[in-house]
Amino acid sequence: MSTLVEINFDGIIGPSHNYAGLSVGNIASSTNAGETAYPREAALQGITKMRHNLDLGLAQGFFMPLDRPNTGWLESLGTTVDDAEAHIRAASFSASSMWAANAATISPAPNAPDGKCHLTVANLQTMPHRSHEWPGTLAQLKLAFANGEYFSVHAPVPSPFGDEGAANHMRLCSTHDAAGVEIFVYGKSGGPFPARQHIEASKAVARIHGLNTERVIFAQQAEIAIAAGAFHNDVVAVANERVLFTHELAFEQPEALYDAIRSTMPDAEIIIVPADKVSLEDAIKSYLFNAQLVTLPDAAGMALILPTEARENEAVWNYLTELVSGNGPIRRLCPVDVRQSMANGGGPACLRLRVVASPETVDQRFMATPQKLDRIEKVVAEYWPEAIHPDQLSGPDLTAAIGKARRRLLEICGLSELAG
Ligand code: SUG
């Protein structure tokens with residue numbers, strides 16, 4: 001078997017992408033509520049990001065959008081697309097599975113005593129529009145990671161413990177193929193906003209994955225960070241291999257966390273961005289920490305795949321330019337345009353789920369190549385709606401169009417068994 005590498009699986013942005021303002025505590029989602037969304041442009045931006053990462057020499061995979069509107073979910077609520085109240089109907093149409101960082105929590109094989117990579121699908125139960133994602137996501141994880149010799153896919157943690165997956169989980173390790181320490185970040189209170197990750201869910205995932213308790217840290221997300229709009233930890237911190245890149249105000253007890261990291265992993269490097277250089281507000285607006293922090297091939301150091309919004313914020317860009325000009329581990333800044341997703345609070349890191357695995361052990365239908373992305377791009381250009389206003393979410397024409405678009409995508413990827 002070849003070596004383990006980090007594979008980024010991006011959620012392909014679905015044809016029902018829209019701005020219905022469904023996520024309380026997610027400032028971009030609330031600010032853009034009622035705006036017209038451009039699903040075709042959104043999906044093309046996501047594909048361009050994947051192509052960019054392939055060009056950097058990184059391993060790339062993808063997940064299919066889920067079947068929307070979710071009529072089965074509406075049925076379980078005793079209603080239909082035509083009869084549902086507007087907020088429930090909008091929730092049934094949401095394309096939110098694009099944010100694959102919330103699909104599952106992953107513990108790579110070197111961390112687990114049974115030598116398998118463990119994946120627990122997230123229940124996402126805090127937000128109604130996301131609470132019905134997991135069955136469709138689980139079906140895909142079971143296909144993509146069907147090889148039981150290497151993977152173990154788990155059902156969601158039960159109610160009432162909210163779990164939002166990898167967005168609240170970080171792994172520090174000397175290299176991706178080595179054992180490391182897993183940090184589970186939970187929220188207790190977010191002032192006016194909900195804390196979406198429950199500590200009991202985090203503890204349950206660590207137990208289900210069989211992790212060695214000495215290599216697991218539970219850390220509370222700062223209440224002020226949630227109150228400022230950091231509805232997931234990956235809005236204020238990101239880790240890759242031995243580097244933790246974090247805002248000073250990300251955690252409730254930062255020093256205790258840093259000490260715990262240093263005592264478990266002495267070679268860890270913690271880069272703390274001070275609030276007097278980048279305010280919490282600027283960090284959240286620019287999504288600087290929602291970058292993909294990746295290790296480039298050929299010992300070229302690490303790169304941050306950032307949203308272009310980070311380049312447009314003077315304080316943020318000044319900080320970053322200084323950071324990469326020093327002698328630190330982060331060497332390169334790569335801004336990518338994912339504005340359509342950003343307007344719903346999803347940056348480059350939200351759009352991807354990291355799985356450490358040998359690419360050949362994954363179902364190849366979920367692995368990206370430049371040729372496959374060309375074919376996907378063609379389907380998107382032909383079938384994805386150009387524009388959707390939230391008021392249009394009821395029409396039978398739109399329902400038919402998004403159903404057809406998804407079926408066409410599944411067909412060309414050889415995944416029609418997910419049609420539902
Ligand atoms: O759950 N937005 C998503 C954004 C998720 C970002 N993910 C990470 N940080 N990993 C959310 O809040 C907006 C949907 C709407 O308003 O229609 C939304 O669900």
Side-chain angles (χ1 to χ4, degrees), residues 8-11 13-14 16-39 42 46 63 65-66 68-70 86-106 122-134 137 162-170 185 187 190 193-197 221 225-226 228-239 250 283-284 286-293 307 338-354 388-393:
N8 283 275
F9 288 84
D10 280 38
I13 298 177
S16 67
H17 162 62
N18 71 87
Y19 301 127
L22 300 174
S23 259
V24 182
N26 169 341
I27 289 165
S29 155
S30 308
T31 311
N32 293 303
E35 295 289 331
T36 298
Y38 296 93
F63 295 127
L66 302 181
R68 296 292 177 262
N70 188 341
H87 66 285
I88 294 292
R89 189 190 303 125
S92 78
F93 270 93
S94 179
S96 51
S97 69
M98 71 174 83
W99 298 298
N102 304 117
T105 306
I106 316 297
N123 63 28
L124 290 167
Q125 63 157 45
T126 307
M127 295 288 154
H129 68 289
R130 305 213 62 179
S131 66
H132 58 98
E133 277 174 41
W134 73 262
T137 301
D163 178 23
E164 304 260 331
N168 295 312
H169 173 263
M170 303 182 287
V185 183
F193 299 142
R196 298 203 207 173
Q197 181 74 36
Q221 193 181 1
I226 303 178
F231 53 93
H232 290 135
N233 172 65
D234 68 3
V235 174
V236 279
V238 57
I284 291 167
S286 69
Y287 260 41
L288 132 85
F289 294 99
N290 203 255
Q292 291 181 242
L293 179 56
V338 288
R339 282 176 195 282
Q340 282 291 310
S341 166
M342 282 286 286
N344 247 339
C350 299
L351 286 164
R352 64 96 172 90
L353 182 70
R354 293 183 280 189
I388 299 182
H389 187 273
D391 288 349
Q392 287 172 288
L393 290 178

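Every number for a ligand or one of its atoms is a count from 1 in the order of the listing. Keep in mind the model is a prediction, meaning the values are calculated, not measured.
Distance check: Asn168 CG to Thr105 OG1 gives 8.0 Å after rounding to the nearest 0.5 Å.
Protein residues having at least one heavy atom under 4.0 Å from any atom of ligand 1 are Asn18, Ala20, Gly21, Leu22, Ser23, Asn26, Ser29, Trp99, Ala101, Asn102, His129, Arg130, Ala167, Arg196, Phe231, His232, Asp234, Asn344, Gly345, Cys350, listed by chain and number.
Scored by the side-chain hydrogen bond (donor to acceptor under 3.5 Å, both in side chains) test, Asn32 finds no partners at all (sequence neighbours excluded). With sequence neighbours excluded, no residue satisfies salt bridge (charged side-chain N to carboxylate O under 4.0 Å, His left out) with Arg352. The salt bridge (charged side-chain N to carboxylate O under 4.0 Å, His left out) check on Asp10 picks up Lys49, with sequence neighbours excluded.
Ring geometry for Phe63 against Phe9 counts as parallel: the plane angle stays under 30°, on a 0 to 90° scale with 60° as the upper cut.
With His389 contributing its side chain and Gly34 its backbone, the two residues share a donor-acceptor pair below 3.5 Å.
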